[in-house]
There are 2 protein chains.
Amino acid sequence: MQIIQHETFGELIRHCREEKNLPLRKVAAVLDVDTSTLSKMEKNLRHPNREHIEKLAELFGLNTEELRLAFLSDRVAYQLAQEPISEQVLRVAEEKIKYIRSKNIVQGVLEF
Amino acid sequence: MQIIQHETFGELIRHCREEKNLPLRKVAAVLDVDTSTLSKMEKNLRHPNREHIEKLAELFGLNTEELRLAFLSDRVAYQLAQEPISEQVLRVAEEKIKYIRSKNIVQGVLEF
DNA sequence: TTTATTTTTGACAAAATTAGTCCAAAATAA
DNA sequence: TTATTTTGGACTAATTTTGTCAAAAATAAA
């Protein structure tokens, strides 16, 4: 399955579910949540945790990382969508991440 | 004052305060919070709201946007610092923001 | 049509997170 | 020393987030 870049996490898992012709009921059972919760997740009204993402990835044959990418990028995008300075925020954030990581590396060993 | 890119929001406002030789007490009064709250803000243990940012910008003669940039980029950076895929997250988020904005523009009018 | 099944929605309580204060201790300056 | 500033922990209140339930709405099957 080819992931569309601007597809939200919710849209993505809904499309996967529809592709497999599964009712919410079935997928919700795998995640161990109510159908209502999953319905909201597909509408981005509830957010997945790591466990949800792992189970969904397994179920739909996706890479865990790409599902996590979809979720994390959604979160950042919605946090910044109304900010006129979003572009700069992303660039500065990228630099800060590099800086944080460089600080946490002591003689090649990661420390957190 | 020249803003250092990898300086956190907390570090930034502390440096500004020290430059003006103001005790926490004075700045906290402007923000209408306890010195303890401001101390934590300078250590990034509490976060500023829009009002705090505006008052701090005015007090230190900074642009509101650059202060907000410092705060928002911190938030994104700390959310993604432990994610191996942070770079991709930033790129996809950028695309999603463009997409969200394009959806919200109807005949040149912003709709939210 | 009916009937069964799936999906959506709002209301709600529980859980989790965040914010701000108080106060005492620690650090610093006078 | 003494005064002032800064810090940190404990705590409560406020806010946000989560998941469920139950009923309504939508869709599919008989």
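Lettering follows sequence order; numbering is per chain, from 1.
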Report the distance from atom CZ of A:R68 to atom CG of A:L62, rounding to the nearest 0.5 Å.
15.0 Å
Distance in angstrom units between B:L24 CG and D:dT4 C1', rounded:
12 Å
Path from B:L67 to B:V30 over hydrophobic side-chain contacts below 4.5 Å:
yes
Atom-pair distance (CZ on A:R25; P on C:dT8), nearest Å:
15 Å
Whole-Å gap separating C1' (D:dT18) and CG (A:N44):
15 Å
Taking five pairs at each end of the helix from C:dT1-D:dA30 to C:dA30-D:dT1, what angle separates the two helix axes (nearest 10°)?
30°
If only atom types and distance count, is the side chain of A:K96 paired as donor or acceptor with the main-chain N or O of B:A70 below 3.5 Å?
yes
May I have the distance from B:L22 (atom CG) to D:dT6 (atom C1'), rounded to whole angstrom?
15 Å
Looking at A:N44 and A:G10, would you say the former's side chain and the latter's main chain have a donor-acceptor pair under 3.5 Å?
yes
A:L12 CG to A:L69 CG distance, which is reported to the nearest 0.5 Å:
10.0 Å
How close do B:R101 and A:E83 get, counting heavy atoms only, and between which atoms?
NH2-O, 2.8 Å
Just do the salt bridge (charged side-chain N to carboxylate O under 4.0 Å, His left out) check on A:E94 and A:R91 with the steps written out, would you?
CA-CA 5 Å; A:E94 185 168 3; A:R91 300 224 181 78; over 6 Å; no
Regarding the side chain of B:P23, the nearest nucleotide among C:dT7, D:dT5, D:dT7 is D:dT5
Can you measure A:R50 atom CZ to D:dT18 atom C1' for me and round it to whole angstrom units?
18 Å
Find the distance between OG (A:S73) and CD (A:E66) and round it off to the nearest 0.5 Å.
11.5 Å
Please tell me if A:S39 has a side-chain N or O lying less than 4.0 Å from either OP1 or OP2 of C:dT8.
yes
For C:dT7 and A:R17 - does any side-chain N or O of the residue sit under 4.0 Å from the phosphate oxygens OP1/OP2?
yes
Protein heavy-atom contacts under 4.0 Å, written 5' to 3' over nucleotides 14-23 of chain C as B (base), S (sugar-phosphate only) or - (none), form the string -----BBBB-
Specify the closest pair of heavy atoms between A:E42 and A:R17, including all atoms of both residues, with the distance to one decimal.
OE2-NE, 2.7 Å
Within this structure, what is the NZ-to-C1' distance between A:K26 and C:dT6, rounded to whole angstrom?
13 Å
Taking a hydrophobic cluster as the set of Ile, Leu, Val, Met, Phe, Trp and Tyr residues connected by side-chain heavy atoms closer than 4.5 Å, whether directly or through intermediates, do A:L80 and B:Y99 fall within one such cluster?
no
Heteroatom pairs (N/O) under 3.5 angstrom, protein to nucleotides 23-28 of chain D:
none

Which nucleotide in C:dT6, C:dT9, D:dT7 has an atom nearest any side-chain atom of B:K43:
D:dT7
Between CG on residue A:D32 and NE2 on residue A:H52, distance to nearest 0.5 Å
8.0 Å
Would you indicate, yes or no, if C:dT6 has its OP1 or OP2 atom less than 4.0 angstrom from a side-chain nitrogen or oxygen of A:R14?
no
